[in-house]
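Before any comments, here is the structure.
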Amino acid sequence: MDDDLEDIVWKCREGNVDSVSSLPCGALEALFFDAHSRMKEVGAFLWGLNTSQNPQSMMTSTVSMRNGLVNGYLHGFLSRPSCKELLRTGPDAVEDAEFSVRNFAKDRVVLRYRMYAGGTRSGSQRRRFAGQVRGGCPS
């Protein structure tokens, strides 16, 4: 988890207006356990969140197993120290993409939770969609 991660948002209902909210208390631990269980079930070794907080690119209940970017701000993986081909070798600007692609190439699956996204202090999308996050779903 990056130190500049400010929030994790959840797409709690269909639509694009007032459809996202901050992750409820206690839900992060449940997400970690769910990710671990799903990785074991499908043979994945890497999971992450949706790359955008834009409600139009989020889904309410989809966990994608297709190739795609897993952002470095919050992700999880099962360590495989003997798999030297998975070690990160690129500069910071490309390491997330490189790590995602290397894992997908090896396992043919990467889990991406399309209903959750992270917001960072430096993220321009965070500022752009901040109004939609504040007006989100009721608890």
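Just so it is clear, the structure is predicted and the values come from calculations on it, not from any experiment.
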Quiz item: Do F104 and L78 belong together in a cluster built from hydrophobic side chains that touch within less than 4.5 Å?
Solution: no

Quiz prompt | Atom CD of E29 with >12 non-hydrogen neighbours under 6.0 angstrom | solution = no

Quiz prompt | Single-linkage hydrophobic cluster, 4.5 Å side-chain cutoff, L69 and M58 together | solution = no

Exercise. In sequence, state the C-alpha distance, the side-chain angles, and the governing distance for S64 and R112, and then conclude on side-chain hydrogen bond (donor to acceptor under 3.5 Å, both in side chains).
Key: CA-CA 5 Å; S64 172; R112 291 179 299 120; 3.1 Å; yes

Quiz prompt | Pairwise side-chain contact, L86 with F77, heavy-atom cut-off 4.5 Å (strictly under) | solution = no

Practice problem: Can you measure from CH2 (W10) to CG (L23) and round to the nearest 0.5 angstrom? | Solution: 8.0 Å

Quiz item: Counting N and O atoms only, with roles assigned by atom type, does the side chain of N71 sit under 3.5 Å from a partner on the main chain of Y73, one being a donor and the other an acceptor?
Solution: no

Quiz item: Looking at L49, V63, N50, which hits side chain to side chain contact (heavy atoms under 4.5 Å, CB included) with Y116?
Solution: L49

Self-check item: Polar side-chain atom of D7 near backbone of S22 as donor-acceptor pair, under 3.5 Å
Solution: no

Quiz prompt | Non-hydrogen atoms of Q53 and A117 that approach each other most closely | solution = CG-CB, 3.8 Å

Exercise. To the nearest 0.5 angstrom, please state how far the CZ atom of R102 sits from the CG atom of D107.
Key: 13.5 Å

Self-check item: Expected output: side-chain K11 to main-chain P55 donor-acceptor under 3.5 Å
Solution: yes

Quiz item: Rounded to the nearest 0.5 Å, how far does OG of S57 lie from CZ of R114?
Solution: 6.5 Å

Quiz prompt | same_hphob_cluster(L31, L111) at 4.5 Å side-chain heavy-atom cutoff | solution = yes

Quiz item: Side chains of L74 and L28: closer than 4.5 Å at any heavy-atom pair?
Solution: yes

Exercise. Applying side chain to side chain contact (heavy atoms under 4.5 Å, CB included), run through L46 and K106 and close with a yes or a no.
Key: CA-CA 11 Å; L46 176 64; K106 180 159 185 66; over 6 Å; no

Self-check item: Result of checking M65, R38, M39, R66 against V109 for side chain to side chain contact (heavy atoms under 4.5 Å, CB included)
Solution: M65

Quiz item: Are I8 and M1 connected in the hydrophobic side-chain network, where two residues link if heavy atoms are under 4.5 Å apart?
Solution: yes

Self-check item: Expected output: side-chain S100 to main-chain V70 donor-acceptor under 3.5 Å
Solution: yes

Practice problem: Classify the ring geometry between F32 and W47 as parallel (under 30°), tilted (30 to 60°) or perpendicular (over 60°). | Solution: tilted

Quiz item: Between H75 and F99, does a side chain to side chain contact (heavy atoms under 4.5 Å, CB included) hold up when you go through it step by step?
Solution: CA-CA 11 Å; H75 66 272; F99 194 60; 4.3 Å; yes

